Undergrad: 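Pasting a structure here, questions to come.
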Amino acid sequence: RSTGANAGWGPGEWLVVEADESDRSLLKLHPAIAVVTNAELDHHTTYASSRDVDDTFRAFLALAEQAVVPPDLARLAPAPPHVFDADPELSESGSRFAFDGHEVVLRVPGAHNARNAAAALTAVKLAGADVEAAVRRLATFEGAGRRFERLGPNVVDDYAHHPTEVAATLAAARTLHPRRVIACFQPHLYSRTQREARAFGAALAAADLTVVLDVYPARERAEDYPGVTGLLVAQATADAAPGKRVVWARDQATAIAFLHRELHDGDLLITLGAGDVDRVGRALI
């Protein structure tokens, strides 16, 4: 959102690429510096297990001249890696933390963004670039589209479609100190919903009120996954959040009508998912 583009081109000698593990295409890269921020089983049609995921990231890091990882993934690096971490001070305006003698200030909320910034700065340092200049630029970073993107003063949209992402986004929402955090979640893919419904429920239990839509199928077909709907996530959320309200809305029109009646001043609505759930927030605005 800072640049209004999803890529940029400059005169420097470095090419920075977002590697993709969903189809193992990250193994076709040959990085000078490889940065891994997390490694979890997300793409169930590609990977058979968490061990399979670990093996793929281990192979990716082995391709690199230098590896940058968080402490819990140091085990995947073939040689002692460069470990990043951050102990941020969180506030309504973002966060701040120390890195290599510099005070890093971020406008985007959440501990996960601070850790990502620490990873980026570690790579910058290894590349021999200007860390101080990078710290200054980070202070102007407004976040990526559909990542805690403020659609309005009390409506945020986030692409989170994995339980860990949902949990991190809701934790970031709490740093804004709203009266209530209301989550509207659209599961993405039948295969992911089938395997992760309980984990999604545990993550969504952090909200004060959860509205669950039906599955956004993307490339999958409902007939290949009989009985798999968003109701599985709604039920799992109700189990994980006793005493809290959970709404099974199925379609967006129902969710919009319910939320229009439900939302009050001081509430923060977060729409979550990799499908078109952002339409709910935009319609309410």
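In what follows, every heavy atom counts, from backbone to side chain, and hydrogens, waters and symmetry copies are set aside. One is the number of the first residue; the rest follow in order along the sequence. Remember, it's a predicted structure, so these values are computed and weren't measured experimentally.
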Undergrad: Any side-chain to backbone donor/acceptor pair from Lys244 onto Ala205? Under 3.5 Å, distance only.
TA: yes
Undergrad: Can you name the nearest heavy-atom pair linking Pro178 to Leu268, along with the distance?
TA: CB-CB, 3.7 Å
Undergrad: Give the minimum heavy-atom separation between Gly230 and Val215, together with the two atoms involved.
TA: N-CG2, 3.8 Å
Undergrad: For Glu21 and Thr56, does a side-chain donor sit closer than 3.5 Å to a side-chain acceptor?
TA: no
Undergrad: Using a cut-off of 6.0 Å, state whether more than 12 heavy atoms not belonging to Arg75 lie near its atom CZ.
TA: yes
Undergrad: Taking all non-hydrogen atoms of both residues, which atom of Ala203 and which atom of Pro163 are closest, and how far apart?
TA: CB-O, 3.5 Å
Undergrad: Please say whether more than 12 non-hydrogen atoms of neighbouring residues, nucleotides or ligands are located less than 6.0 Å from CD in Glu223.
TA: yes
Undergrad: Counting N and O atoms only, with roles assigned by atom type, does the side chain of Arg137 sit under 3.5 Å from a partner on the main chain of Ala133, one being a donor and the other an acceptor?
TA: no
Undergrad: Mark yes when over 12 heavy atoms from residues, nucleotides or ligands other than Glu142 sit less than 6.0 Å from its CD; otherwise mark no.
TA: yes
Undergrad: Applying side-chain hydrogen bond (donor to acceptor under 3.5 Å, both in side chains), run through Thr164 and Glu40 and close with a yes or a no.
TA: CA-CA 9 Å; Thr164 301; Glu40 290 189 66; 2.8 Å; yes
Undergrad: Compare all side-chain heavy atoms of Val155 with those of Arg150 and state whether any distance is below 4.5 angstrom.
TA: no
Undergrad: Would you mind reporting whether Glu262 and Arg180 have side-chain heavy atoms less than 4.5 Å apart?
TA: yes
Undergrad: Report yes if some heavy atom in the side chain of Val277 is under 4.5 Å from a heavy atom in the side chain of Leu272; otherwise report no.
TA: no
Undergrad: Show every ring pair (Phe, Tyr, Trp, His ring centres under 6.0 Å) that has at least one partner inside residues 134-183, sequence neighbours left out.
TA: Tyr159-His161, His161-His188
Undergrad: Quick one: does Leu63's side chain get under 4.5 Å of Leu29's, heavy atoms only?
TA: no
Undergrad: Under 4.5 Å between any side-chain heavy atoms of Asp100 and Leu121, yes or no?
TA: no
Undergrad: In this structure, are over 12 heavy atoms from other groups packed under 6.0 Å from Arg107 atom CZ?
TA: yes
Undergrad: Yes or no on side-chain hydrogen bond (donor to acceptor under 3.5 Å, both in side chains) for Asp157 and Thr271, after CA distance, side-chain angles and deciding distance?
TA: CA-CA 5 Å; Asp157 177 61; Thr271 56; 2.7 Å; yes
Undergrad: Take atom NE2 in His264; do more than 12 heavy atoms of anything else shown fall under 6.0 Å from it?
TA: yes
Undergrad: What pair of heavy atoms forms the shortest contact from Leu151 to Asp278, and how long is it?
TA: CD1-O, 4.0 Å
Undergrad: Decide salt bridge (charged side-chain N to carboxylate O under 4.0 Å, His left out) for Asp23 and Lys28; before the verdict, give the C-alpha distance in whole Å, the side-chain angles of both, and the deciding distance to 0.1 Å.
TA: CA-CA 11 Å; Asp23 56 1; Lys28 297 182 179 181; over 6 Å; no
Undergrad: So, for Phe57 and Leu26, which heavy atoms are closest and what is the spacing to 0.1 Å?
TA: CE2-CD1, 4.0 Å
Undergrad: For Cys184 and Leu213, run side chain to side chain contact (heavy atoms under 4.5 Å, CB included): C-alpha distance rounded to whole Å, both residues' side-chain angles, the deciding distance at 0.1 Å, then the answer.
TA: CA-CA 7 Å; Cys184 180; Leu213 300 172; 4.2 Å; yes
Undergrad: For residues Leu61 and Tyr47: do they belong to one hydrophobic cluster (side chain heavy atoms under 4.5 Å, members Ile, Leu, Val, Met, Phe, Trp, Tyr)?
TA: yes
Undergrad: Is there a salt bridge (charged side-chain N to carboxylate O under 4.0 Å, His left out) between Asp54 and Arg58 once you walk through the steps?
TA: CA-CA 6 Å; Asp54 282 357; Arg58 188 176 286 110; 5.2 Å; no
Undergrad: Does any N or O in the side chain of Tyr225 come within less than 3.5 Å of the main-chain N or O of Leu189, such that one atom is a donor and the other an acceptor?
TA: no
Undergrad: Below 4.5 Å, heavy atoms only, C-beta onward: do Phe185 and Ile270 meet side chain to side chain?
TA: no
Undergrad: Any donor and acceptor pair, going by atom type alone, linking the side chain of Arg1 with main-chain N or O of Ala144 inside 3.5 Å?
TA: yes
Undergrad: Looking at Asp224, I want to see if its CG is surrounded by more than 12 non-hydrogen atoms of other residues, nucleotides or ligands under 6.0 Å.
TA: yes
Undergrad: Measure from the side-chain N and O atoms of Asn113 to the backbone N and O of Gly110, and report whether any donor-acceptor pair falls under 3.5 Å.
TA: no
Undergrad: With a 4.5 Å cut-off on side-chain heavy-atom distances among I, L, V, M, F, W and Y, is there a chain of contacts connecting Leu138 to Val105?
TA: no
Undergrad: Evaluate Asp208 against Arg179 for salt bridge (charged side-chain N to carboxylate O under 4.0 Å, His left out), listing each step before the verdict.
TA: CA-CA 9 Å; Asp208 298 301; Arg179 187 177 76 96; over 6 Å; no
Undergrad: Within the side chain of Gln186, is there an N or O that forms a donor-acceptor pair under 3.5 Å with the backbone of Gly273?
TA: no
Undergrad: Are the side chain of Arg279 and the backbone of Gln252 linked by a donor-acceptor contact shorter than 3.5 Å?
TA: no
Undergrad: If we only count heavy atoms from C-beta on, is the Asn116 to Phe84 side-chain gap below 4.5 Å?
TA: no
Undergrad: Keeping the roles fixed (side chain from Asp214, backbone from Asp251), state whether a donor-acceptor pair exists under 3.5 Å.
TA: no
Undergrad: Between Leu263 and Asn154, does a side chain to side chain contact (heavy atoms under 4.5 Å, CB included) hold up when you go through it step by step?
TA: CA-CA 10 Å; Leu263 289 168; Asn154 61 343; 5.5 Å; no
Undergrad: Same cluster for Val247 and Leu170 if Ile/Leu/Val/Met/Phe/Trp/Tyr side chains link at under 4.5 Å?
TA: no
Undergrad: Same hydrophobic cluster for Ile285 and Ile182, using side-chain heavy-atom links shorter than 4.5 Å among ILVMFWY?
TA: yes
Undergrad: Quick one: closest heavy-atom pair of Pro88 and Phe97, and the distance?
TA: CA-CB, 3.9 Å
Undergrad: Out of curiosity, does Leu176 fall in the hydrophobic cluster containing Leu204 (side-chain heavy atoms, cut-off under 4.5 Å, transitive links)?
TA: yes
Undergrad: Would you say the side-chain atoms of His44 and Glu196 include a donor-acceptor pair closer than 3.5 Å?
TA: yes
Undergrad: Let me see the working for Val36 and Leu76 under side chain to side chain contact (heavy atoms under 4.5 Å, CB included), right down to the final yes or no.
TA: CA-CA 10 Å; Val36 175; Leu76 300 182; 5.7 Å; no
Undergrad: For side chain to side chain contact (heavy atoms under 4.5 Å, CB included), just list the numbers for Asp52 and Arg24, CA-CA rounded to whole Å, side-chain angles, deciding distance to a tenth of an Å, and then say yes or no.
TA: CA-CA 11 Å; Asp52 193 8; Arg24 302 186 204 264; 3.0 Å; yes
Undergrad: Evaluate the side-chain proximity of Phe258 to Thr254: yes if any heavy-atom separation is below 4.5 Å, no if none is.
TA: no
